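These figures come from a predicted structure and were not determined experimentally.
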Amino acid sequence: MTSRAPITFRHIVTRPLRSHRVDTSLQPNNFPPERYSDLGQSRGELISVPEMFASSETGASASQSKLTKLLLNVNIERSLGPVQVIMAPENTVKDLIKAVIEIYVKEKRRPFLINSNPDCFALHYSQFSFESLKADEKLINLGSRNFFMCLKTSNTITTSCSKEANLANKSTFY
């Protein structure tokens, strides 16, 4: 009975490679000259693009193309998943809050909102940030596409929300 030596990494590396047949029909020098005569053949030359593949925009104007819509994810306090909103970049934080509330109510998500007034909500970068975003800030200037929305604290609630806030404070059980 003969025993075989174990295969090591050295055996794999030094093993001769099998020869593969190389397809030379796709080599650059084998292109049909009548079809690709305008392509640069030597190193460093520019390659012209056939008209059917060329875009209508030039490279400079294509790089400066303007954003038309933004996909934004907004998590609402105590809600299970984010509300996804597509909005124009010129809209403000207040417009985003209003749109998120409309979608949340329309989809009948739970827990139901106690108040659907957009002025009673604040938008934050995350649930761990104390500073809320300014209502007149444009969405394109925020630098993020994921946000957290919650009710404003009782000391910053506007007068339209103060009655409901006082009612909520009185109805808690101690």
Suppose clustering is done on Ile, Leu, Val, Met, Phe, Trp and Tyr with side-chain heavy atoms closer than 4.5 Å. Which residues sit in the same group as Leu71? Ile86
According to the salt bridge (Lys or Arg N to Asp or Glu O under 4.0 Å) rule, which pairs have a member within residues 101-111, sequence neighbours left out? Glu107-Arg109
Looking at residues at least two apart in the chain, or sitting in another chain, which of them share a side chain to side chain donor-acceptor pair (under 3.5 Å) with Arg145? none
Determine the minimum heavy-atom distance between Asn115 and Asn117, stating which atoms define it. OD1-N, 3.0 Å
According to side chain to side chain donor-acceptor pair (under 3.5 Å), does anything in residues 73-91 pair up with another residue at least two apart or in another chain? List the pairs. Asn73-Gln84, Asn73-Asn146
Heavy-atom closest pair, residues Ala88 and Lys69: N-CD, 4.4 Å
Which heavy-atom pair separates Phe147 from Leu142 by the least distance, and what is that distance? CZ-CD1, 3.5 Å
List the residues meeting salt bridge (charged side-chain N to carboxylate O under 4.0 Å, His left out) with Lys98, not counting sequence neighbours, and say none if there are none. none
Answer whether the closest heavy-atom distance between the side chains of Thr92 and Leu139 falls below 4.5 Å. no
CA sep, side-chain torsions, deciding dist, call: Ile76, Phe148, side chain to side chain contact (heavy atoms under 4.5 Å, CB included): CA-CA 6 Å; Ile76 297 178; Phe148 179 76; over 6 Å; no
Sort and list the pairs that fulfil side chain to side chain donor-acceptor pair (under 3.5 Å) and have at least one residue in residues 127-139, not counting sequence neighbours. none
Do Ile97 and Pro118 come within less than 4.5 Å of each other through their side chains, counting heavy atoms only? yes
Looking only at heavy atoms, what is the nearest atom pair of Tyr104 and Pro111, with distance? OH-O, 2.7 Å
What are the two closest non-hydrogen atoms of Val74 and Val100, and how far apart are they? CG2-CG2, 3.7 Å
Considering only NZ, NE, NH1 and NH2 on the basic side and carboxylate oxygens on the acidic side, decide whether Lys94 and Asp119 come within less than 4.0 Å. yes
